[in-house]
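From a predicted model like this one, the values you see are computed outputs, not experimental measurements.
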Amino acid sequence: MAVFLYRLGRFSFRRRRLVALLWVVVLAACAFAAAKAPAAPEDGFSMPGTESQKAFDLLDQRFPGGNSNAADARIVFVAPEGQKVTAGPNKAAIEKIVADVAGGDQVKGALDPFKMAGAVSKDGTTAYSTVSYDVQSIDLTDATTKALEDAAEKGRDAGLTVELGGSALVPEGELGGTTELVGVAAAAVVLLITFGSLAAAGLPLLTAIVGIGIGVASIVAIGMSTTTTTLALMLGLAVGIDYALFIVSRYRTERAEGHDAEEAVARAVGTAGSAVVFAGLTVVIALAGLSVVGIPVLTKMGLAAASTVVIAVLVAMTLLPALLGFFRDAVLPRTRRKGSKAGKGRGGQRARDGRPNLGTRWARFVIRRPLAVLVLSILGLGLISVPAFDLQLGMPGDESKSTSTTQRRAYDALADGFGPGFNGPLTVVVDAKTAEDPKAAAARAAKLLTATDGIVATTPPAFNEAGDTAVITAVPSTGPSSADTTDLVHTIRDEARGLKSETGAKMLVTGATAVNIDVSQKVNDALLPYLALVVGLAFLLLMVVFRSLLVPLKAALGFLLSVAAAFGVIVAVFQWGWLADALGVEQTGPVMSMTPILLIGVVFGLAMDYEVFLVTRMREAYVHGKRPGEAIVTGFRHSARVVGAAAVIMIAVFAGFIGMSESMIKMMGVGLAVAVFFDAFVVRMTLVPAVLALLGDRAWWLPKWLAKVVPQVDVEGEKLSHGDPSALTSAAEPAPDPVRA
């Protein structure tokens with residue numbers, strides 16, 4: 001591995017103009033394809049095999065001609081204080097607004113609330129009109145959506161409170177924002193402080209931007225949604241900066257050891273690049289493993305983000321060495337940029353002296369008190385993890401949006417006027433095709449639903465043309481994200497078994513609320529298999545990297561502590577409301593059901609990144625003859641500052657997504673930022689050296705029979721240290737470019 005990457009780094013350095021041009025061409029081609037691609041469809045939560053999905057499929061089959069994906073809107077009218085919507089002027093204004101909307105382009109129909117049963121609240125203060133469209137929300141024209149918004153303004157001018165909801169108003173996804181730019185700016189400051197050079201700070205940012213540009217443009221070009229793209233952007237930017245950071249840092253170290261620019265680049269890619277490849281593989285494994293959950297949107301998000309990480313690795317292995325060829329001295333500290341013998345000697349002497357730095361001092365502190373440090377680290381993370389025991393999963397809808405949005409205000413108005421369950425009605429499908437008397441079976445189903453505790457209203461069964469399938473709408477007494485509503489859905493499904501034995505008809509529960517409940521259940525069921533798959537594969541990969549059994553085991557256990565603490569913070573903020581105002585969380589409630597498994601996947605990959613970058617340098621020192629304690633100190637002397645900088649950069653990038661309006665992205669931003677903090681500074685920087693100090697030589701133990709099976713990948717670059725570097729260069733490689741940038 002090290003020899004191959006050594007040659008790749010040397011080739012990229014020598015043919016830097018060609019390599020840079022090829023990446024520019026790839027970026028331009030992807031950007032052109034993205035610009036020409038049609039708008040991506042919205043992500044739904046379809047889940048093959050679940051009851052809610054079976055019911056949707058049955059509706060499409062038995063009620064032909066209906067477009068279940070067509071856009072809809074709900075116009076909510078609230079009368080002024082002390083008035084009713086049925087009052088003459090208010091009623092006239094509402095009827096005029098509904099008639100205007102009904103006559104618009106792309107509108108299939110708009111229902112008059114005064115002619116529709118149940119569309120006016122019992123106290124007469126609230127009414128709503130449902131607007132249906134002929135096309136999906138993504139195909140609605142600007143004129144159509146503006147007509148809807150203008151209608152709401154006319155109602156407000158008439159003195160009514162008018163709010164809008166429904167899929168027709170789904171906002172466009174965000175690709176970053178001002179807060180994300182702040183994250184990038186913070187990353188730039190950290191890089192500048194770390195390297196003390198504008199060029200050294202700029203190259204990781206430049207290569208990361210190229211990588212995410214290609215990755216995100218490719219995702220858009222193949223028609224994936226903005227939610228998928230945002231996750232890829234988040235990870236691509238973070239790992240792209242980090243991977244380049246490690247290689248640039250190693251390049252500077254090699255130059256300090258007295259190597260010329262070309263040899264330093266080759267060695268940096270051969271050593272630090274090997275760690276980058278294996279770190280990237282762990283992230284890809286974790287993200288691609290999301291496909292085992294069986295939720296299509298989650299699979300897309302995982303694969304899209306994984307592809308962006310692959311691109312980040314390729315950019316770091318090829319484009320970065322090429323750019324170092326153009327900025328070979330500019331990335332060095334100012335005292336050594338002239339390339340003078342004095343400067344070179346001073347830098348080389350500093351590297352050979354191993355002058356203690358903050359990382360060295362911290363490592364020595366930990367290995368002097370390993371047991372105390374270990375116990376305090378575990379207790380601290382355990383205490384932060386306590387709120388995670390109260391973790392409640394759900395799929396919040398408009399109720400989780402900001403109160404500044406009309407969707408949230410419409411949700412609140414309907415809940416106040418019609419009850420909390422009105423925003424989450426259940427669609428009950430009665431499949432009476434095998435029943436002797438379909439109408440009697442549907443009537444029996446309606447009677448069961450009406451008598452069920454937690455149901456406040458039901459509609460009469462509505463049959464299809466064949467008369468073998470009926471649809472009943474049931475309104476719960478509790479909101480869509482309530483645990484009581486989840487219990488109600490399970491109760492109805494239990495009652496369905498009795499209906500089948502009694503009448504021969506099947507009763508299926510679907511609708512947005514039931515779909516969200518099924519999503520949560522499916523994620524919960526897949527969590528342990530996913531953990532087993534990802535941790536198992538990563539364990540094998542790390543065993544190959546470190547040629548050890550205990551180091552991978554320690555890495556996995558440390559990750560569990562990090563992610564548990566991150567869950568504790570998420571529950572405290574998003575369920576309990578701690579620091580909610582400061583983070584812009586306006587509504588507390590259940591944690592979005594996909595957040596835990598997404599967080600586990602991403603954090604596991606990133607945790608293994610830091611494990612590989614930090615412990616690889618320790619392993620390298622140990623292999624080259626240093627004692628276990630000395631190896632730990634050496635690893636910290638060379639890697640702690642860079643790992644710390646990388647962690648701060650990732651925290652800044654992830655924290656930038658906290659300001660986005662999409663609740664899942666906000667939650668992921670908080671979770672990832674705190675998880676990286678805990679994993680990098682508590683687990684990898686504190687717990688890991690303590691455990692390695694306690695284990696001593698046993699940390700690098702591998703049974704002899706297993707050592708014969710595990711392949712030698714030479715991540716430490718031992719062949720580069722004990723061989724003739726000139727012999728590593730393939731004869732087929734071109735001669736060095738005599739023109740210096």
Of Ile378, Leu376, Val682, the one forming a side chain to side chain contact (heavy atoms under 4.5 Å, CB included) with Leu687 is Ile378
Hey, which of Ile219, Leu235, Thr229 is the one that makes side chain to side chain contact (heavy atoms under 4.5 Å, CB included) with Thr308? Ile219
Check against side chain to side chain contact (heavy atoms under 4.5 Å, CB included), Tyr243 and Phe613: CA-CA 10 Å; Tyr243 294 166; Phe613 290 135; 3.8 Å; yes
As an exercise, state the distance from CD of Gln575 to CD1 of Ile570, rounded to the nearest 0.5 Å. 10.0 Å
Before giving the answer on side chain to side chain contact (heavy atoms under 4.5 Å, CB included), spell out for Val297 and Met594 the whole-Å C-alpha distance, their side-chain angles and the decisive distance to 0.1 Å. CA-CA 10 Å; Val297 64; Met594 290 197 298; 4.1 Å; yes
Heavy-atom side-chain proximity of Ile455 to Val475 below 4.5 angstrom: no
Can you confirm whether Phe678 sits close enough to Val683 that some side-chain heavy atom of one is under 4.5 Å from a side-chain heavy atom of the other? no
Between Lys554 and Glu611, does any side-chain N to carboxylate O distance fall below 4.0 Å? yes
Heavy-atom side-chain proximity of Phe567 to Pro596 below 4.5 angstrom: yes
Between the CG atom in Leu391 and the OG1 atom in Thr595, the distance rounded to the nearest 0.5 Å is 9.5 Å
Between Tyr133 and Asp139, a side-chain donor and acceptor under 3.5 Å: no
Flag side-chain contact, heavy atom, 4.5 Å: Arg408 against Thr405: yes
Those residues at least two apart in sequence (or on a different chain) that pass side chain to side chain donor-acceptor pair (under 3.5 Å) with Ser562 are Asp679
Looking only at the aromatic ring of each residue, does the gap between the centers of Tyr128 and Phe422 stay below 6.0 angstrom? yes
Below 4.5 Å, heavy atoms only, C-beta onward: do Phe278 and Val313 meet side chain to side chain? no
Run the salt-bridge test on Arg493 and Asp518 with the 4.0 Å N-O cut-off and return the result as yes or no. yes
Take Met592 and Leu393, measure what side chain to side chain contact (heavy atoms under 4.5 Å, CB included) needs, and give me the verdict at the end. CA-CA 6 Å; Met592 298 193 75; Leu393 299 181; over 6 Å; no
Return the set of residues passing side chain to side chain donor-acceptor pair (under 3.5 Å) with Thr485 (not counting sequence neighbours), or none when no residue passes. Thr478
Would you indicate whether the side-chain heavy atoms of Pro476 and Leu488 approach each other to under 4.5 Å? yes
Do Arg74 and Val131 have side-chain heavy atoms sitting under 4.5 Å apart? no
What do the steps show when you test Val603 against Leu672 for side chain to side chain contact (heavy atoms under 4.5 Å, CB included), and what is the final call? CA-CA 7 Å; Val603 173; Leu672 288 173; 3.7 Å; yes
Would you say Met608 and Phe559 make side-chain contact, with heavy atoms under 4.5 Å? yes
